[in-house]
Amino acid sequence: MRLSRYFLPLLKETPSEAQIVSHQLMLRAGMIRQEGAGIYAWLPLGFRVLKKIERIVREEQDRAGAVEMLMPTIQQAELWRESGRYDAYGKEMLRIKDRGEREMLYGPTNEEMITEIFRAGIRSYKDLPKLLYHIQWKFRDEIRPRFGVMRGREFLMKDAYSFDFDEAGARRSYNRMFVAYLRTFARMGLTSIPMRAETGPIGGDLSHEFIILADTGESAVYCDRRLLELPVPGADTDFEGDLQPIIDRYTSYYAATDEKHDAAAFEKQIAEADRIAARGIEVGHIFYFGTKYSEPMRAHVTGPDGKERPVEMGSYGVGVSRLAGAIIEAHHDEAGCKWPVPVAPFHVGLVNLKAGDAGTDDACERLYAALEREGVETLYDDTGARPGEKFARMDLIGLPYQLIVGPRGLENGVVEIKRRADGAREELAPEAAAEKLVADIRAALAVA
RNA sequence: CGGGGCGUGGCGCAGCCUGGUAGCGCAUCUGCUUUGGGAGCAGAGGGUCGCAGGUUCGAAUCCUGCCGCCCCGACCA
């Protein structure tokens with residue numbers, strides 16, 4: 001993409017309403033624009049990031065055996081009356097009426113709807129288990145939206161729902177999502193920590209929040225440092241096999257958000273050097289809730305004994321739009337974003353330091369063509385801006401690699417690669433630079 | 001929802017108290033000079049001062065109502 005044709009409205013100054021760094025940078029880097037309290041338009045650069053996050057989430061859901069579908073954003077109040085939540089949900093639910101005065105709502109979640117869909121299609125225990133998901137916009141009329149896309153009212157969420165015949169089956173479904181989440185966040189450059197969470201009326205141990213550590217995180221969290229070093233399950237993980245050992249390993253260490261924190265246990269179970277008391281961002285939440293919806297909504301299956309019983313359910317959420325902010329919180333510096341390659345809006349920023357100069361124009365065009373030919377997503381700054389401005393904006397939008405082409409280098413037959421993550425620079429002949437970028441980016445995109 | 005604050009050009013702000021031709025910085029446009037870390041000079045364009053009433057000869061400024069947004073608290077992917 002040529003920058004001269006792109007839509008990238010950058011801000012030099014930080015808008016006063018943005019309190020945390022990810023919000024500030026998303027506004028300044030032209031990724032989002034606020035259209036109302038907690039409601040954002042995704043501008044081209046931000047949209048590319050959102051799509052990449054979504055794709056990784058999708059790939060890992062599919063790998064774990066979940067099946068994608070799509071449910072509507074607008075739901076009928078009638079459905080929510082079946083579960084009793086229409087009255088219970090409160091003002092967070094955005095309620096609307098259609099022209100026939102029928103009560104509708106913009107879905108804050110989809111348990112009722114998926115349960116209705118499931119019960120219409122499944123009768124027997126032989127049809128179980130089922131694991132369905134979709135990635136869809138939600139609306140929760142939060143009392144106080146803030147932190148940009150980290151806590152918006154409208155947000156993109158992946159929500160999955162499992163249906164099993166018994167609790168043992170439900171646990172297997174839960175474990176699939178547990179492992180899928182570890183992989184999902186790791187692929188985005190995030191170290192996620194599953195922390196024991198509130199279980200609601202069901203009790204038990206099947207509820208975890210996936211937290212990433214960040215100084216600007218919303219909640220205080222406490223965990224064992226050794227959790228950060230556990231290996232992430234590989235792409236060769238057999239999701240049809242027994243995943244329990246992986247879960248056991250992860251849950252054997254202390255990890256809790258402040259509402260579940262037990263200071264005594266924390267100090268007793270962990271050596272002082274391994275204690276982490278930090279801030280965290282919740283990017284995923286998985287939990288088992290049994291027959292909470294299947295019972296009132298009569299989502300029943302017939303068992304081998306010929307008796308009908310409500311299915312055992314669980315739900316599994318990932319905050320897709322929130323992740324865009326969370327990744328910035330984890331990867332940035334004073335100058336701007338530092339995108340990990342798999343979620344970067346473009347892989348390479350090609351900087352023509354003297355647009356209009358035949359030599360640099362020619363060299364850039366060749367490099368641009370070579371990179372695009374190899375599938376490297378390149379944002380080519382072909383504008384007439386001054387070098388300082390070009391460097392500053394590349395740093396701000398945070399593409400993983402900058403390929404800098406100027407007359408001074410070309411005189412010596414070299415161009416420069418700057419790696420945004422650590423600022424490392426390297427001068428190479430143009431062809432060699434392109435080859436190196438292709439190799440490095442392919443390596444970074446390889447799914448382990 | 002309680003408490004606090006703010007709406008003035010694309011962004012950041014001053015002006016309001018004490019009514020009298022709407023300003024500054026950045027950005028934008030034109031020209032010249034510049035060109036390896038957000039340039040210099042000269043010129044130019046752009047604002048129903050959130051909206052609606054009211055007071056007044058006259059309202060960005062005073063009064064009333066409404067709308068929007070932000071911050072602190074309880075809630076949430």
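Each chain gets a letter, A, B and so on, in the order its sequence line appears, and its residues count up from 1.
For the pair A/E218/A/R151, a side-chain contact is recorded, criterion being any heavy-atom separation below 4.5 Å from C-beta on. Within the 4.5 Å cutoff, no side-chain heavy atoms of A/Q24 are placed close to those of A/E17.
A/L156 comes within 4.0 angstrom of no nucleic acid atom, judged by non-hydrogen atoms across all strands. In this structure, A/G36 reaches the sugar-phosphate backbone alone: every heavy-atom distance under 4.0 Å involves primed, P, OP1 or OP2 atoms, never a base. Residue A/D395 is in base contact, counting any heavy-atom pair closer than 4.0 Å across all strands shown. Among the heavy atoms of the strands lying under 4.0 Å from A/Q19 are primed sugar atoms or P, OP1, OP2 only; no base atom is included. A/E142 comes within 4.0 angstrom of a nucleotide base, judged by non-hydrogen atoms across all strands. Nucleic acid contact class of A/G317 (heavy atoms, under 4.0 Å, all strands): none. A/R28 comes within contact range of at least one nucleobase, with a heavy-atom separation under 4.0 Å.
With a cut-off of 3.5 Å on both Watson-Crick or G-U wobble distances, the partner of B/C75 is given as none.
Distance CD (A/E154) to C1' (B/C76): 16 Å, rounded to an integer number of Å. Summarising the geometry, the separation between CD1 on A/I143 and P on B/A74 is reported as 11 Å, rounded to the nearest angstrom. Between the CZ atom of A/R386 and the P atom of B/G37 there is a distance of 9 Å, given to the nearest Å. Between A/R153 atom CZ and B/G68 atom C1' there is a gap of 11 Å when expressed in whole angstrom units. In this structure, the CG atom of A/D258 is 14 Å from the C1' atom of B/C76, given to the nearest Å. Rounding to whole angstrom units, CG of residue A/L11 and C1' of B/U28 are separated by 14 Å. Distance A/E17 CD to B/G10 C1': 13 Å, rounded to the nearest Å. As a whole-Å value, the separation of A/E389 CD from B/G38 C1' is 6 Å.
A cation-pi arrangement, defined by a distance under 6.0 Å to the six-membered ring centre and an angle within 45 degrees of its axis, is present between A/R95 and A/Y86.
Side-chain atoms of A/H285 lie closest to B/A77 of the nucleotides B/G38, B/A77, B/G73. When the nucleotides B/G38, B/G12, B/A77 are ranked by their closest atom to the side chain of A/A392, B/G38 comes out on top. Taking every side-chain heavy atom of A/Q34 into account, B/C70 is the closest of B/U35, B/C75, B/C70.
Residues from residues 336-370 of chain A with heavy atoms under 4.0 angstrom of RNA chain B, sorted by number: A/L353.
With RNA chain B read from its 5' end, the first of the two nearest nucleotides for A/I404 and A/R322 is the one closest to A/I404. The residue among A/H23 and A/V320 whose nearest nucleotide of RNA chain B lies closer to the 5′ end is A/H23.
In this structure, A/F178 and A/Y250 have perpendicular ring planes: the angle between them is above 60°, well past the 30° mark. Ring geometry for A/F346 against A/Y6 counts as perpendicular: the plane angle is over 60°, on a 0 to 90° scale with 30° as the lower cut.
Between A/D62 and A/R58 there is no salt bridge, since none of the side-chain N atoms of the basic residue sits less than 4.0 Å from a carboxylate O of the acidic one. Ion pairing of A/E59 with A/R63 is absent here, as no side-chain N (NZ or NE/NH1/NH2) approaches a carboxylate O to less than 4.0 Å.
In summary, the side chains of A/E154 and A/W137 do not present any donor paired with an acceptor at a separation below 3.5 Å, with no hydrogens or angles considered. Under 3.5 Å, the side chains of A/R393 and A/T383 contain a donor-acceptor pair of N or O atoms. Judged by distance alone, the side chains of A/Y288 and A/E312 do bring a donor and an acceptor atom under 3.5 Å apart.
Here the separation of B/G40 from B/C1, taken at their P atoms, is 49 Å to the nearest Å. Look at the C1' atom in both B/U55 and B/G23: the space between them is 27 Å, to the nearest Å. To the nearest whole angstrom, the two C1' atoms, one in B/C24 and one in B/G31, are 25 Å apart. On the C1' atoms, B/C63 is 15 Å away from B/C17, given to the nearest whole Å.
In terms of phosphate contacts, A/R425 brings no side-chain nitrogen or oxygen within less than 4.0 Å of OP1 or OP2 of B/G37.
Remark: the A/E416 side chain and the B/G36 base include a donor-acceptor N/O pair separated by less than 3.5 Å.
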Between protein and nucleotides 23-26 of chain B, what N or O pairs are separated by less than 3.5 Å?
| residue | atom | partner | partner atom | Å |
| --- | --- | --- | --- | --- |
| B/G25 | N2 | A/E13 | OE1 | 3.0 |

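Side-chain rings of A/F287 and A/F289 approach one another, their centers coming within less than 6.0 Å.
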